[in-house]
Amino acid sequence: MSKLHIFQKVSNVIVYLFFLSATVYTVVSPANGDAGEGSTYITPSFWISYIWTLIHLLLGGYVVYQWFEAAHDAAIHGVGWHFVISVLLSSAWLGLLKGGHDLIAFIFVLLTASSVSYVFYNLEKNYHAGSIYDKLFIHAPFSLWHGWIVYGAVINFFQVVSSTSEDGPGVWSRIFVSLGIIFLATTAIGYVEYKKHKGDVTGALVIGLGLLAIFTNQQDPWIHWFSLAAAIVTLAYPARPYVCKLVGRSSDAENAPLLG
């Protein structure tokens with residue numbers, strides 16, 4: 001292992017610890033009870049923020065597992081310096097949300113999504129999981145993080161372009177929110193379809209839970225029940241290959257494991 005590789009791995013550990021503390025400060029103890037400072041008609045319940053706990057547990061596993069020989073190539077060349085970049089961008093995003101700078105935060109979440117997406121697709125294309133440890137500590141953290149960032153970007157977008165009213169949502173607000181929910185649901189289905197040969201539905205499950213959090217937080221009947229329907233479809237869709245198998249139909253995703 002070269003000195004540069006050691007420096008890169010040490011940097012991963014340092015920024016991970018920084019990211020963990022930044023997340024605790026900005027997410028675990030927000031000023032209000034919702035996931036983020038702004039309130040819109042698509043704002044989810046606060047409990048969805050605890051997805052960060054699982055993300056940090058898996059990323060913590062990654063920064064430990066990267067020191068093992070089996071993870072060296074994927075960590076150095078598959079993830080590379082994008083881990084440091086993604087962590088710093090994501091920390092800035094959370095801090096800007098905490099400060100109420102929704103527009104600038106949206107720019108940073110798009111940059112974060114770009115960086116995490118690079119890792120997500122590079123790992124899927126070039127660094128296939130060779131063991132359960134590869135699946136759990138290299139592929140799963142970035143799949144989970146990618147799904148969460150996509151979800152967070154949509155929520156942040158609505159914080160930038162919309163707000164709530166004492167009279168409740170109007171027709172156009174309901175349509176706008178419905179389009180956002182449809183986008184999230186179709187993105188989650190896209191996760192399953194894109195990765196059906198490689199096998200990973202982690203991102204889809206994250207978005208499905210996010211839709212459920214919208215359902216539990218929004219009281220407007222249309223948004224409330226529409227988000228529930230979308231959540232059910234999104235959470236049930238990964239089970240499609242197994243249902244097809246039970247009824248005797250073939251499916252390309254039939255043998256897809258959850259963590260890929």
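In this chain, numbering begins with 1 at the start of the sequence shown.
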N/O donor-acceptor pair under 3.5 Å between [X] side chain and [Y] backbone:
X	Y	answer
Tyr151	Gly210	yes
His224	Gln219	no
Gln218	Pro44	no
Asn122	Gly78	yes
Ser11	Phe7	yes
Thr216	Ser45	no
His146	Phe120	no

What's the separation between atom [atom1] in [X] and atom [atom2] in [Y], rounded to the nearest 0.5 Å?
X	Y	atom1	atom2	result
Ile48	Thr43	CD1	OG1	13.0 Å
Asn156	Leu96	CG	CG	9.0 Å
Leu212	Ile207	CG	CD1	14.0 Å
Ile42	Ile214	CD1	CD1	4.0 Å
Ile149	Ile55	CD1	CD1	7.0 Å
Asp167	Ser173	CG	OG	11.0 Å

Nearest heavy-atom neighbours spanning [X] and [Y]:
X	Y	result
Pro141	Leu59	CB-CD2, 3.7 Å
Ser165	Tyr41	N-OH, 2.7 Å
Ser39	Thr164	O-CG2, 3.5 Å
Ser91	Ala22	OG-CB, 4.1 Å
Lys9	Gln66	NZ-O, 2.8 Å
Phe83	Val63	CZ-CG1, 3.9 Å

Do [X] and [Y] sit in the same hydrophobic cluster, where Ile, Leu, Val, Met, Phe, Trp and Tyr count as joined when their side-chain heavy atoms come under 4.5 Å apart?
X	Y	value
Leu17	Ile6	yes
Val154	Leu103	yes
Ile181	Val171	no
Leu57	Trp67	no
Ile175	Val160	no

Check side chain to side chain contact (heavy atoms under 4.5 Å, CB included) between [X] and all other residues, then give those that pass, not counting sequence neighbours.
X	result
Thr234	Ala185, Ala188, Leu211
Leu111	Leu89, Ile107
Tyr65	Phe68, Ala70, Ala71, Ser131, Tyr133, Asp134, Phe137, Ile138
Leu54	Leu58, Leu144

Ring centres under 6.0 Å, that's the criterion: do [X] and [Y] meet it?
X	Y	answer
Trp47	Tyr50	no
Phe19	Trp93	no
His128	His139	no

**Q.** With Asp73 via salt bridge (Lys or Arg N to Asp or Glu O under 4.0 Å) - residues at least two apart
**A.** none
The criterion is ring-ring contact (aromatic ring centres under 6.0 Å, His included); which residues satisfy it with [X], sequence neighbours excluded?
X	value
Phe108	none
His101	none
His82	Tyr118
Phe157	Phe106

Q) How are the rings of His77 and His72 set to each other: parallel, tilted or perpendicular (split at 30° and 60°)? A) perpendicular
(Q) Check the orientation of Tyr62 and Phe142. Use parallel for under 30°, tilted for 30 to 60°, and perpendicular for over 60°. (A) perpendicular
Q: Mark yes when over 12 heavy atoms from residues, nucleotides or ligands other than Trp81 sit less than 6.0 Å from its CH2; otherwise mark no.
A: yes
Q.
Any heavy-atom pair between the side chains of Trp145 and Ile51 that's under 4.5 Å?
A. no
Q: Using side chain to side chain donor-acceptor pair (under 3.5 Å) as the criterion, list what pairs up with Trp222, not counting sequence neighbours.
A: Ser178
Q) Going by atom types alone, do Ser86 and Ser115 pair a side-chain donor with an acceptor below 3.5 Å? A) yes
**Q.** Test item: side-chain donor near acceptor, Thr40 and Ser162, under 3.5 Å
**A.** no
**Q.** Qualifying salt bridge (Lys or Arg N to Asp or Glu O under 4.0 Å) pairs, either residue in residues 169-192, two or more places apart
**A.** Arg174-Asp220
Q: Would you check, one step at a time, whether the test side chain to side chain contact (heavy atoms under 4.5 Å, CB included) holds for Phe215 with Phe226?
A: CA-CA 8 Å; Phe215 159 73; Phe226 189 70; over 6 Å; no
Q) ring pair (Phe, Tyr, Trp, His ring centres under 6.0 Å): which pairs involve residues 163-188, sequence neighbours left out? A) Phe158-Phe176
